[in-house]
Amino acid sequence: MSSAVPDITLNDGRTIPQLGFGVFQVPPAETQKAVETAIEIGYRHIDTAQMYGNEAGVGAAVAASGLNRDEFFLTSKLNNGFHLPDDARRSFDETLKALGTDHIDLFLIHWPLPGRYNGDFVQTWNTLEEFYRDGRARSIGVSNFTQHHLGRLRAETQVRPAVNQIEVHPYLTNDDLRTYNTENEIANEAYSPIAQGEVLGDPVIVDIARQAGKSPAQVVLRWHIQRGDIIFPKSKTADRVRENFEIFDFELDGSAMASITSLDRGEKGRTGANPDTMNWIPEN
Ligand SMILES: NC(=O)C1=CN([C@@H]2O[C@H](COP(=O)(O)OP(=O)(O)OC[C@H]3O[C@@H](n4cnc5c(N)ncnc54)[C@H](OP(=O)(O)O)[C@@H]3O)[C@@H](O)[C@H]2O)C=CC1
Ligand SMILES: O=C(O)C(=O)[C@@H](O)[C@H](O)C(=O)CO
């Protein structure tokens, strides 16, 4: 694991680099090069998903690095059409094959399905528990789960989710759900950490960045780090990938942290779907 990036210890005793590299919306043909660039810069934690269609590019970059597999922390996510047990088992095998590995460090349920879809997410979680118990998934977790989904897992299943990967950024601080996760010893993974670029022009963030001598993206990513969340910003632009990695040589004071947190817009700030109100499932 990279020495520059702090590790977070999960509730199952495993550790995860607090900063990683995300590949949502990186075309499959561009993924190997993008991940190779990230690895050369120092990233060792890669966040992908069956939905992204680019797991093979991630695997190829890891293989091409010449580094030991255990240097890396690889995450993928079960796609929405594979929630039934046999579908989940088959797609999990395909994920390991695409990544070129006999185990994955973290495997998530990508979205809880609305009731009208096949498969109840508790049954799907039971299948992920199989992957955890046989060691092919070192840690398992969820994504886009809210309090009532997590309450059912807590009441009806054995293995606690190690993480809940949710949308978090200055326009959607998601602090109620983050607090619920923390109180239940579930680590917060903050996706779309810079709201896909939407927050970078905010005058408050621009001013803090100017005072700090850093970029708006670095300030926002540092805000996440100091809140204790795990992040994996995505960029196809090499200079930005490096910029996003260089966030451990400065600190935001309490006033700057509070000013950024106060930018929260609640639901109006969300860039993705709201798991509690969606009546559709994001497809590939
Ligand atoms: N579980 C889930 O449902 C979800 C998970 N995720 C995960 O979270 C990761 C990150 O979130 P994502 O939604 O990709 O968006 P991010 O918040 O990481 O923003 C990515 C966008 O910001 C731009 N960008 C990146 N760095 C900079 C920078 N330093 N300065 C200016 N612009 C920059 C990128 O442009 P460019 O690439 O052109 O450089 C890209 O358009 C995903 O890749 C995925 O792994 C994301 C969404 C949902
Ligand atoms: O939620 C959305 O609207 C999105 O497009 C993304 O969150 C996508 O569905 C996804 O889950 C990426 O991981």
Side-chain angles (χ1 to χ4, degrees), residues 16-28 30-31 33-35 37-38 41 43 45-55 57-58 73-81 106-114 141-146 149 161 163-172 174 177 181 187-202 205-206 209 214-224 229-247 267 269-284:
I16 181 173
Q18 192 177 3
L19 172 66
F21 181 67
V23 291
F24 174 44
Q25 296 175 318
V26 178
E30 300 174 25
T31 300
K33 179 71 180 109
V35 176
T37 299
I41 289 167
Y43 294 82
H45 166 189
I46 315 294
D47 184 274
T48 184
Q50 294 174 349
M51 179 192 284
Y52 306 167
N54 58 21
E55 292 169 312
V58 173
F73 189 100
L74 304 180
T75 298
S76 195
K77 313 177 192 88
L78 181 73
N79 207 351
N80 303 312
L106 178 62
F107 194 63
L108 310 179
I109 297 178
H110 203 149
W111 286 87
L113 298 183
V142 294
S143 179
N144 296 299
F145 275 45
T146 59
H149 301 113
V163 309
N164 190 9
Q165 183 175 131
I166 56 177
E167 182 176 347
V168 183
H169 46 73
Y171 287 164
L172 179 71
N174 226 335
L177 181 52
N181 290 333
N188 283 298
E189 290 198 319
Y191 75 66
S192 301
I194 57 173
Q196 302 202 328
E198 283 304 304
V199 299
L200 300 183
D202 188 287
I205 291 168
V206 169
K214 304 294 277 188
S215 73
Q218 289 172 321
V219 163
V220 172
L221 296 175
R222 183 73 201 180
W223 172 79
H224 283 286
D229 289 3
I230 299 158
I231 52 174
F232 18 83
K234 170 264 180 183
S235 174
K236 295 192 296 183
T237 311
D239 288 350
R240 289 173 169 176
V241 179
R242 181 174 300 280
E243 177 186 321
N244 296 347
F245 194 74
E246 293 172 350
I247 57 173
E267 271 315 299
R270 191 181 292 272
T271 64
N274 180 330
D276 276 332
T277 57
M278 67 194 290
N279 61 5
W280 56 277
I281 283 288
E283 295 300 342
N284 240 352

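The structure displayed is predicted, hence computed values, not measured ones. First listed ligand is number 1; within each ligand, the first listed atom is number 1.
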> Which of parallel (below 30°), tilted (30 to 60°) and perpendicular (above 60°) describes H149 and F145?
Replying inline: tilted
> Using the ring of each side chain (for Trp, its six-membered ring), is F73 parallel, tilted or perpendicular to H45, with breaks at 30° and 60°?
Replying inline: perpendicular
> In Å and rounded to the nearest 0.5 Å, what is the CH2 to CD1 distance from W223 to I247?
Replying inline: 13.0 Å
> Should you measure from each heavy atom of G272, which atoms of ligand 2 turn up under 4.0 Å away?
Replying inline: 1 (O), 2 (C), 3 (O)
>> Within the 4.0 Å heavy-atom shell around A273, which atoms of ligand 2 are there?
In response: 1 (O), 2 (C), 3 (O)
> Should D47 and K234 be marked as a salt bridge (charged side-chain N to carboxylate O under 4.0 Å, His left out) after you check the CA-CA gap, both sets of side-chain angles, and the distance that decides it?
Replying inline: CA-CA 9 Å; D47 184 274; K234 170 264 180 183; over 6 Å; no
>> If we ignore hydrogens and angles and just use 3.5 Å, is the side chain of N174 paired with the main-chain N or O of I166 as donor and acceptor?
In response: no
>> Using a 3.5 Å distance criterion without hydrogens, assess whether the side chain of N164 forms a donor-acceptor pair with backbone atoms of G141.
In response: no
>> Is the contact between K77 and ligand 2 made by the side chain, the backbone, both, or neither, using heavy atoms and a 4.0 Å cut-off?
In response: neither
> If we only count N/O pairs under 3.5 Å, is T271 in contact with ligand 2?
Replying inline: no
> Backbone or side chain, does any N or O of Y191 fall under 3.5 Å from an N or O of ligand 2?
Replying inline: no
> If you count only heavy atoms, which residues are under 4.0 Å from ligand 1?
Replying inline: G22, V23, F24, D47, Y52, K77, H110, W111, S143, N144, Q165, Y191, S192, P193, I194, A195, Q196, G197, L200, A217, F232, P233, K234, S235, K236, T237, R240, E243, N244
>> Within the 3.5 Å criterion, strictly below it, is a donor on T271 or E198 matched to an acceptor on the partner's side chain?
In response: no
>> Tell me every residue that passes ring-ring contact (aromatic ring centres under 6.0 Å, His included) with Y191, counting only those two or more places apart in sequence or in another chain.
In response: none
